[in-house]
Amino acid sequence: MTEKRVENVIIVGGACAGYTAAVYTARANLEPLLIEGFQWGGQLQNTTHVENYPGFPDGIMGPELMQQFRTQAERFGTRFITDDATRIELSDGGIQRVWVGDEEHLAKAVILSMGAEPKRLGIPGELELSGRGVSTCGVCDGAFFKGEDVAVIGGGDSAMEDSIFVSKYANDLTTIHRRDDFRASKIMLERAKAVPNISLKTPYVPEEFIAGEDGRIAKVRLRHADTGETEELEVGGAFVAIGHTPRSELVRDQVDTDDQGYVLTRDGSTRTNLAGVFAVGDLVDHTYRQAVTAAGTGSMGALDAEWYLRDTPPSPEAHWAGRAGQTEPAPTS
Ligand code: NAP
């Protein structure tokens, strides 16, 4: 019987963080295996123009940016499985196991980069008008709504942040929340309230996004949470900002996470509570969630994995030594 190949590193999740981790680990000759997912590319696959990724002064389409990330990872020898990981068995300093269906893959280190997905309202028109005026990222798409009347839905810090950001471009902006009390921090709420073209509308529950003749969003139907009365608000855009869900379901009961399921990392690194297990990107980050920050932590995950593997055989002690007890590997650029 032939022995099963044990990879140096398996990266789970192909988007900004995962592809960057692949570029770095491939250039470090670690021959990474990237299980990128059937629908690779993450949230940028659903975005149009990306104007805030440095290096592209004229902007770039989200899917094209992801294709370029992928091509760069491929150029240095990353091997891809374009399918979803279906099971992950994490080990503290031992062999990490990842399944794609019946196919089992082994590795000395694993970089988890499964990302997060925006929560959806689950109402009619939401998916159909996504990219046609309905967005889940104000910071990404706000600038495309110059002079429009827009709605932002949600009552947390994300909704306040999106409202404040989008209000710079929008004409009138209505922040719609289902309760009279806001979950947002006081300071963010006060900032939003101080913006002249933002008005808060509570307690209203969005029931439907309605398209106009041009196929783009034209109205949001709202229901008063107490009286049940409905009304329609005319808008040229709507931002759903009701939080994100980290895609940690395959590892949630094995690695330390916070109460929302974001994987916890230590000491400003990508190290988790398990030796040889690293976590990067939106799977970890519920605050910044930008393509560029995800890519940044992808490179950190690759370096942390590289330093861990350099101390062969991997041991929990080496993992915990982290940067403090180690010197950096020889430059690979
Ligand atoms: P969040 O705090 O969970 O708030 C989500 C909001 O959406 C809540 O007001 C919730 O209403 C509402 N919501 C959820 N599901 C809904 C539904 N089906 N229909 C209508 N409304 C719904 O999420 P977040 O705002 O994304 O913030 C997540 C974390 O990131 C927080 O810790 C936040 O402080 C942090 N963050 C910080 C900043 C910043 O400081 N600059 C910016 C963004 C995020 P209920 O209140 O009624 O549940």
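None of these values were measured; they are calculated from a predicted model. Order of listing sets the numbers, starting from 1, for every ligand and every atom in it.
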Atom indices of ligand 1, in the order listed, that fall short of 4.0 Å to a heavy atom of [X]:
X      : answer
Gly243 : 23 (O), 26 (O)
Arg179 : 45 (P), 46 (O), 47 (O)
His286 : 30 (O)
Leu121 : 17 (C), 19 (N), 20 (C)

So if you build clusters from Ile, Leu, Val, Met, Phe, Trp, Tyr with side-chain heavy-atom gaps below 4.5 Å, do [X] and [Y] land together?
X      : Y      : result
Ile60  : Trp40  : yes
Ile153 : Leu222 : yes
Val110 : Leu274 : yes

Donor-acceptor side-chain pairing of [X] and [Y] below 3.5 angstrom:
X      : Y      : answer
Glu36  : Tyr19  : yes
Glu126 : Ser130 : no
Ser163 : Thr175 : yes

Next on the checklist: Assess whether a salt bridge exists between Glu148 and Arg216, defined as any Lys/Arg side-chain N lying under 4.0 Å from an Asp/Glu carboxylate O.
Outcome noted: no

Checklist entry - Given the side-chain rings of His224 and Tyr204, with only the six-membered ring counted for Trp, is the space between their centroids under 6.0 Å? => result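 Yes, ring centres under 6.0 Å apart.
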
Checklist entry - What about the rings of Phe239 and Phe165, do their centers lie closer together than 6.0 Å? => result no

For [atom], which protein heavy atom lies nearest, and how many Å away is it?
atom                    : result
atom 5 (C) of ligand 1  : Ile242 O, 3.5 Å
atom 42 (C) of ligand 1 : Glu161 OE1, 3.3 Å
atom 39 (C) of ligand 1 : Met188 CE, 4.2 Å
atom 38 (C) of ligand 1 : Asp157 CB, 3.7 Å
atom 48 (O) of ligand 1 : Arg183 NH2, 2.6 Å

Checklist entry - Are the side chains of His177 and Arg179 in touch, meaning some heavy atoms are under 4.5 Å apart? => result yes

Test your reading of the structure: does [X] have an N or O sitting under 3.5 Å from an N or O of ligand 1?
X      : answer
Thr287 : no
Lys119 : no
His244 : no
Arg178 : yes

Checklist entry - Is the shortest distance from atom 32 (O) of ligand 1 to a protein heavy atom below 4.0 Å? => result no

Item to check | Per atom 27 (O) of ligand 1, closest listed option by heavy atom (Ser158, Ala184, Gly155, Gly122) | outcome: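 Nearest option to atom 27 (O) of ligand 1, by heavy atoms: Ser158.
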
Checklist entry - Has Met160 got any heavy atom lying under 4.0 angstrom from an atom of ligand 1? => result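 No, that is not the case, since the closest heavy atom of the residue is not under 4.0 Å from the ligand.
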
